[in-house]
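Throughout, protein chains are lettered first and strands after them, A, B, ... in sequence-line order, and every chain is numbered starting at 1.
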Amino acid sequence: MITDARVLRQEFVPGDLEHRDAETTYLSETLAPIADGETPETVIMHGLSGVGKTCVAKYIGDNLRQEVLDAEFQYVNCWQHYSRYRALHRILEGLGQTLDIHRQSTPRDELFERLRQYDGPPCVVVLDEVDQLEDTRQLYHLHELPQFSMILIANREDAILRAVDERLTSRLTGSERIRFDAYHEDELVSIMAARVRWGLIENAIQDDQLRRIADAAAGDARVALSILRSAARRADRATENQITTDHVESAIPAGRKEVRQKSIDTLIHHQRVLYDILEEHKEIEPSALYETYQERVEEPKSDRTVRNYLAKMEHYNLIVADGTSRDRTYRLRE
DNA sequence: CATCCACGGGAAAAACAGGGTC
DNA sequence: GACCCTGTTTTTCCCGTGGATG
């Protein structure tokens, strides 16, 4: 059934991006000056999750490295590298400049100094989920350096501008924007069809089944591919050479769950306890939530810390906070 | 209208992480 | 290995704000 599991994975970047021609072309045109040794404008890419922002950025990065020999391309996921230090370190690491950085002997702002002195080929830095960055002043400084150009990615355009240092905001008002809309059903179907061609045996799945998956994914390619993967695995385990409608139907909740589970797995113990409490209640008010949390955990963190945890979990789309004031309640998403 | 909760920014403190030294 | 040093990261503390709520 499955001939190449890699192409079904969400992180897989296809050699040919479907349905993002306009965005891809626009991005590569914007970055074109880099071939002449000039610094391209900062680009802002925004749109809901699973609409190909990251994919387009990585795709362009691959192309850039192939076409312009003298260019570097660094991708930073600010979810994972949200502190100033980590984000900068990640860039330097990518450039192979961290070899002799020892934490202890690294003076203040040495990391940034390294970047300033970087004199290799021009570098495009992609900051994914940039609104998660804690200290955005560094972003401003990075913007100052001619050898670096930036692609900023976030779900919401205004989140970028809000997250960014105000000195940078004014400069970004004229920058290039690329908006990514949710995929249509047809587009999701053909995205999946391409993966099916590469990753599954022939006639493994019917067109109307792909359509069903696309419908369930509601414009999110990540979810669509997760469902497809789950359906293929089911058929594979049953050693059938066709995916049945049953496989698809049971893969829909499983696929959604898989996407969600990825987020849950990143939670630390205290956050997980909070999550479990929310799972037991349809809805719960902050004080009750905190009390329950205190009872369940050995050494409870302060209420302020718990609020930070909850905010983080809300950003992960795991929970929803209703109300802004005394009417605030928390619940799981969906 | 006073009060009450909860939120969330910011500063400061505490905890943590390597690495060097003796 | 215990201890210190320097920088990072997490947690706590303090507090102003603001929308309910009675």
To the nearest Å, how far apart are [X] [atom1] and [N] [atom2]?
X: L111(A); N: dT9(C); atom1: CG; atom2: P; result: 10 Å
X: R304(A); N: dG16(C); atom1: CZ; atom2: P; result: 15 Å
X: R328(A); N: dA20(C); atom1: CZ; atom2: P; result: 11 Å
X: Y309(A); N: dT10(C); atom1: OH; atom2: P; result: 9 Å
X: E299(A); N: dT10(C); atom1: CD; atom2: P; result: 18 Å
X: L310(A); N: dT11(C); atom1: CG; atom2: P; result: 13 Å
X: R326(A); N: dG8(B); atom1: CZ; atom2: P; result: 17 Å
X: Y85(A); N: dT10(C); atom1: OH; atom2: P; result: 14 Å

OP1 or OP2 of [N] versus the side-chain N and O atoms of [X]: is any pair under 4.0 Å?
X: S302(A); N: dT12(C); value: yes
X: Y82(A); N: dT10(C); value: yes
X: T305(A); N: dT10(C); value: no
X: R86(A); N: dT9(C); value: yes
X: T324(A); N: dG19(C); value: no

### Task
Ignoring hydrogens and angles, answer whether the base of dG18(C) and the side-chain atoms of S325(A) contain a donor-acceptor pair closer than 3.5 Å.
yes

Neighbour count >12 (heavy atoms, 6.0 Å) for atom [atom1], [X]:
X: R296(A); atom1: CZ; answer: yes
X: E280(A); atom1: CD; answer: yes
X: W198(A); atom1: CH2; answer: no
X: E202(A); atom1: CD; answer: no

Using the rule given for side-chain contact (heavy atoms from CB on, under 4.5 Å), can you reason through T39(A) versus F148(A), listing the C-alpha separation, both sets of side-chain angles and the distance that settles it, and then say yes or no? CA-CA 7 Å; T39(A) 310; F148(A) 294 94; over 6 Å; no

